[in-house]
Amino acid sequence: MTRLSRYFLPTTREAPADAEAASHRLLVRAGLARQLGAGMWTWLPAGWRAHRKVEQIIREELDAIGAAEVLMPVLQPAELWKRSGRYDIDEVFKLRDRRGAELVLAMTHEENLTWHIAREVRSYRDLPKLLYHFQTKERDEPRPRAGVLRTREFIMKDSYSFDRDLEGLDRSYELHIEAYDHIFDRSGLEWYRVESDVGMMGGLGAHEYMAPCAAGENEVALSEAGYAANVEVASATPQPIDGLPEPLPEPRPVETPGATTIDAVSRMLGVPAGALIKAFPLFVDGRGPALVVIRGDHRLNEVKLRNALGAAARPAEPEEVRENFGAEGGFIGPVRAQVEVLADEALRGLSGLVAGGNEPDVHLVGVEPGRDFKATWVDVRRVEPGDTCPNGATIRIEPAIEVGNIFKLGLRYSEPLGAHYLDEEGREQPIWMGSYGIGPARIVAAAIEQFHDEHGIAWPRSVAPFDVELVTLGRQGEEARRVADVLYEQLRGVGLDVLYDDREMSAGEKFADAELLGCPLRLTVGRRSIEAGEVDVQIRRGREKRSVPLDGAAEAAADLFYTLP
RNA sequence: CGGGCUGUGGCGCAGUCUGGUAGCGCGCUCCGUUCGGGUCGGAGAGGUCGCCAGUUCAAAUCUGGCCAGCCCGACCA
């Protein structure tokens, strides 16, 4: 019996002043969730229903690939985390119990599960294993934001795969791709599986599932030819430069007093920004000073740079720049540089370029990479909209929220936690692991982000809190109330989840609330429709109105419901 | 962690500059009215002005400290 008169669905006319993201505003306005503190959210009944619908889709698809659900504690011994080397991560919440024992609140559960696997798995016959769980994860986020998109405490589905070898891991990974593709299709979202950075943790491969939306924290490079990559790792063919200067037989110094920016040099010399060589003096961990150069109209991608270097790097300090280049920032360049030079691929084959002269107020014109300086060629620039993807189509860049990720962990946890097995020859082998996450709350939020209008949410039917909102305009004792009471039972009888708005309120308020909550179908029973022998139906997405005969209305509603996106 | 902003009935805000004992809209309660797109009218309830200290005859208002929240950036294995 889900009667709105007794349900807890506190809708509001106005959103909290500090809510900016559409999902944040609508989660609150539609009565789905409330904030308790920074990055701490309470799911109210209707919001929790949506969350659970997402969970159920995930369960079904993971069960379908042979994964089995478990439950693990949030509170864990710090010892495990010290062993895996994750205890020092700032985001890990740490605490002590009354005896002073150190504990952590888990942000993921690799240590926990690997610990058990290490104890229980002995033989190659015990592998592979696919396990998953839903659990509250805790993260001391530096900056919670955008409603439930980034919180300090949230429920995450994590799967972990345990295999005999890399080939086995590849199979588990492929199984997860299969399951995840189904999950996100069923969730009704627009989504992309993108290549992603394997991060500092190493790893053998990773993809992220991204849902484009305005409030997204990530950027994805997409093309019509099916290219999809996180901008952090995206590669593309650059756009050509218009008006490149004529090549010179050798670099020639020119006076460029005070021109320390790309823009200033470009204007002073009358050349396009793309004709400049932008130089970044660096200090590479364990290697010392280096210089990375890219095209003047390009931007450096720090993730790609880190991957190209195979080490972390920081911008060189001003003293280090003077010491190594004989000039201040703005006038340094790769020609006759005394340090290791890395040059972005986009510079390869160009000539007639302009570079810093490595002396104050001087640039060099007519520079040709390869001829005038030697460099290691690398791909470290950020792709730009309009670039050409590897499949030959034009790149566009969209903000997106990461709703899932899959990651080939390799031996990252099995080694420190001692997860081994004996192979057919009786030799001890490490267990190959993968981990695979999904944030149900982010799917809920992304659905709202992607599907809303000025009236409220327009849920995909698979995650809507209810399939149908039944609105009666009749008061206690009126016929419209009696008819709606019957229809409510009939709708439930045909298997629909129904929210029944039986409140004694004006029609306008009930309609407005129904559109705010955004169930795929709204059925209205009032005196007018009864006299016509009909029930009025509104399809929330697009707000299309129809009528169906009162007789058989439940079946008609169900038939219509299953045709909706 | 750096930068910016905000804390005043449940929500959204004004009042703070220029100190004089708190106001508006929505919501809520009651009465009447209306009844298929947030009806209309009337009467009410509800506030330690984020917290602590200081200045002052007097502090929402001035000063100092603290706390919380939001936005941008850094960060987000």
Side-chain angles (χ1 to χ4, degrees), chain A residues 10-21 24-25 28-29 31 34-41 81 84-92 107-108 110-111 137-147 149-152 154 196-203 206 208 215-218 230 232 302-303 306-307 312 314-315 401-402 405 407-410 412-413 435 437 439 442 454-456 471-481 484 501 503-516 522-532 534-538 543 545 547:
Chain A
T11 57
T12 66
R13 205 183 282 246
E14 296 186 80
D18 50 27
E20 298 207 341
H24 184 181
R25 301 171 61 83
V28 174
R29 285 197 55 214
R34 286 293 184 268
Q35 184 169 5
L36 186 63
M40 294 177 267
W41 283 81
W81 290 67
S84 70
R86 294 210 296 175
Y87 188 70
D88 295 324
I89 295 174
D90 289 336
E91 278 184 298
V92 176
M107 54 194 293
T108 61
E110 280 88 353
E111 285 85 355
K137 312 269 171 167
E138 308 279 349
R139 296 188 186 180
D140 192 354
E141 284 286 347
R143 183 151 102 83
R145 59 180 293 272
L149 283 180
R150 185 164 210 92
T151 54
R152 295 197 285 185
F154 59 98
S196 73
D197 184 35
V198 294
M200 309 249 289
M201 218 160 71
E208 289 164 339
E217 304 184 289
N218 299 88
N230 192 318
E232 288 180 345
E302 291 177 22
V303 173
R306 188 190 67 208
N307 291 336
R314 59 165 173 80
I401 185 72
E402 180 186 351
N405 62 65
F407 197 92
K408 292 182 186 176
L409 281 172
R412 169 66 181 82
Y413 293 91
S435 73
R442 283 189 170 182
E454 67 270 32
H455 303 284
V471 174
T472 179
L473 301 179
R475 314 249 146 186
Q476 282 294 350
E478 294 180 5
E479 192 187 7
R481 172 64 68 101
D501 188 352
R503 295 173 301 174
E504 307 259 335
M505 290 173 67
S506 74
E509 288 172 284
K510 297 173 102 168
F511 291 152
D513 269 357
E515 286 174 10
L516 186 55
R522 184 186 79 200
L523 268 53
T524 305
V525 174
R527 187 188 303 153
R528 207 165 75 191
S529 64
I530 290 174
E531 283 169 1
E534 292 176 336
V535 173
D536 294 330
V537 178
Q538 187 209 47
R543 302 177 80 220
K545 284 184 179 166
S547 290

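On a predicted model such as this, the values are computed, not experimentally measured, just so you know.
At whole-Å resolution of the value, CG in A/L516 and C1' in B/C11 are 14 Å apart. The interatomic distance linking A/F154 (CZ) with B/C76 (P) rounds to 15 Å, in whole Å. Atom CZ in A/R152 sits about 11 Å away from atom C1' in B/A68, given to the nearest Å. The distance between atom CZ of A/F407 and atom P of B/A77, rounded to the nearest whole Å, is 9 Å. Remark: P of B/G73 and CD of A/E302 are 14 Å apart, rounded to the nearest angstrom. The nearest whole Å value for the distance from the CG atom in A/N218 to the C1' atom in B/G73 is 16 Å. To the nearest angstrom, P of B/A74 lies 15 Å from CD of A/E91. Regarding A/M107, its CE atom lies at a distance of 11 Å from the P atom of B/C76, rounded to whole Å.
Here A/E504 pairs with A/R481 in a salt bridge; the nearest charged N to carboxylate O distance falls below 4.0 Å. In summary, A/R152 and A/E141 do not engage in a salt bridge, as defined by a charged side-chain N under 4.0 Å from a carboxylate O. The residues A/R86 and A/E110 are annotated as salt-bridged, a charged nitrogen and a carboxylate oxygen being separated by less than 4.0 angstrom. At a threshold of 4.0 Å, the pair A/R145-A/E217 counts as salt-bridged, since one of the basic side-chain nitrogens sits closer than that to a carboxylate oxygen.
Judged by distance alone, with hydrogens and angles left aside, the side-chain atoms of A/K510 form a donor-acceptor pair with the main-chain N or O of A/R503 at under 3.5 Å. When atom types are taken as modelled, the side chain of A/R29 and the backbone of A/R13 share a donor-acceptor pair closer than 3.5 angstrom. Put simply, the side chain of A/R139 never gets that close to the backbone of A/T108: no donor and acceptor are under 3.5 Å apart. Using modelled atom types, no side-chain atom of A/T524 and backbone atom of A/V471 make a donor-acceptor pair closer than 3.5 Å.
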Footprint string (nucleotides 30-37 of chain B, 5' to 3'): B base within contact, S backbone only, - free, heavy atoms under 4.0 Å | -----BBB
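When the C1' atom is compared between B/A77 and B/A14, the two are found 48 Å apart, to the nearest whole Å. For the P atom pair drawn from B/U16 and B/G10, the interatomic distance equals 23 Å after rounding to whole Å. Remark: the separation of the P atoms in B/G46 and B/G3 is 44 Å, to the nearest Å. Comparing the P positions of B/G65 and B/G20 gives a spacing of 25 Å, expressed to the nearest Å. Between the P atoms of B/G44 and B/G23, the separation comes to 14 Å (whole Å). When the P atom is compared between B/C17 and B/U6, the two are found 15 Å apart, to the nearest whole Å. For the C1' atom pair drawn from B/A58 and B/C71, the interatomic distance equals 38 Å after rounding to whole Å. Between the C1' atoms of B/A60 and B/G4, the separation comes to 23 Å (whole Å).
When the nucleotides B/A77, B/G12, B/C71 are ranked by their closest atom to the side chain of A/E20, B/C71 comes out on top. Nearest to the side chain of A/D513, among B/A77, B/G38, B/C72, sits B/G38.
In a base pair of the Watson-Crick type (N1 to N3 plus N6-O4 or O6-N4) or a G-U wobble (N1-O2 and O6-N3), with each distance short of 3.5 Å, B/C49 is matched with no nucleotide. Look at B/C30: its Watson-Crick or wobble partner, with both distances under 3.5 angstrom, is B/G42. For B/A68, the paired nucleotide is B/U6, the pair qualifying as Watson-Crick or G-U wobble because both relevant distances are below 3.5 Å. B/G73 is paired with B/C1 under the criterion used here, namely a Watson-Crick or G-U wobble arrangement in which both key atom distances are under 3.5 Å. Using Watson-Crick or G-U wobble geometry with both donor-acceptor distances under 3.5 Å, B/C57 finds its partner in B/G20.
Atom CG in A/D140 sits 8.0 Å away from atom CG in A/D90 (nearest 0.5 Å). Considering CG of A/N405 and CG of A/N230, their distance stands at 11.5 Å, rounded to 0.5 Å.
In this structure, A/R527 places its CZ atom where only 12 or fewer heavy-atom neighbours from other residues, nucleotides or ligands lie under 6.0 Å away. Heavy-atom contacts from other residues, nucleotides or ligands closer than 6.0 Å to CD of A/E302 number 12 or fewer.
A/A21 comes within 4.0 angstrom of no nucleic acid atom, judged by non-hydrogen atoms across all strands.
Residue side chain A/R13 does not reach the base of B/C11 through any donor-acceptor N/O pair under 3.5 Å, judged by distance alone.
Between A/R145 and B/C72, a side-chain N or O to OP1/OP2 separation shorter than 4.0 Å is present.
Judged by closest nucleotide on RNA chain B, A/P16 is the one of A/P16 and A/A19 placed further toward the 5' end. Nearest-nucleotide assignment on RNA chain B puts the 5′-proximal partner with A/T11, out of A/T11 and A/H24.
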Contacts under 3.5 Å, N or O only, protein and nucleotides 1-5 of chain B:
none

